[in-house]
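Order of listing sets the numbers, starting from 1, for every ligand and every atom in it. Sequence positions, counted from 1, serve as the residue numbers for this chain.
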Amino acid sequence: SEIDQAAAISALQQSDSLLIDVRSAEEFADGALPGAIRIGHEDIAAQIASVAPDKDRPLVLYCRSGRRSALAQQSLEQMGYSRVINAGAYDDLRPLLENRE
Ligand SMILES: O=S(=O)([O-])[S-]
């Protein structure tokens, strides 16, 4: 569950990838990455199947600094999701993804 920004950027170039913000609704409302959907890290195990029934779909996770996305990654991997990437911190990703879409 190391942060892998390079893997995140390349996964996001695949059209079937899903960018997931695992922070709180308040944090998300203050600003999020373009194209991200929000599922709180404590809800992701219960909710992932409704957005990503295909367990081989690339899932790119981020939070404030990488801790909650690491926890979410662990639970998704335990559920059998095979392509889960911890993209790390919102502030680090924002300049890299600003021009996306
Ligand atoms: O967003 S965080 O859980 O890394 S503080």
Point to revise | Path from Tyr90 to Leu61 over hydrophobic side-chain contacts below 4.5 Å | key: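 Different clusters: Tyr90 never reaches Leu61 through Ile, Leu, Val, Met, Phe, Trp or Tyr contacts under 4.5 Å.
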Check your understanding: For Ala8, which residues count as a side chain to side chain contact (heavy atoms under 4.5 Å, CB included) partner, sequence neighbours excluded?
Key ->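 Result, side chain to side chain contact (heavy atoms under 4.5 Å, CB included) vs Ala8: Val60, Ile85, Ala87.
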**Study point:** Minimum side-chain heavy-atom gap Ile9-Gln13 below 4.5 Å
**Key:**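 Yes. Closest side-chain heavy atoms under 4.5 Å.
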Check your understanding: With side chains defined as the heavy atoms from C-beta onward, is the minimum distance between Arg68 and Arg23 less than 4.5 Å?
Key ->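 A side-chain contact under 4.5 Å exists here.
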Check your understanding: Would you say the side chains of Glu27 and Ser24 form a donor-acceptor pair under 3.5 Å?
Key -> yes
Exercise for review: Might you list the protein residues in contact with ligand 1, defined as having a heavy atom under 4.0 Å from one of its atoms, sorted by chain and number?
Suggested key: Cys63, Arg64, Ser65, Gly66, Arg67, Arg68
Exercise for review: Under the side chain to side chain contact (heavy atoms under 4.5 Å, CB included) rule, what do Asp21 and Leu33 come out as? Steps first, then yes or no, please.
Suggested key: CA-CA 8 Å; Asp21 186 322; Leu33 297 177; over 6 Å; no
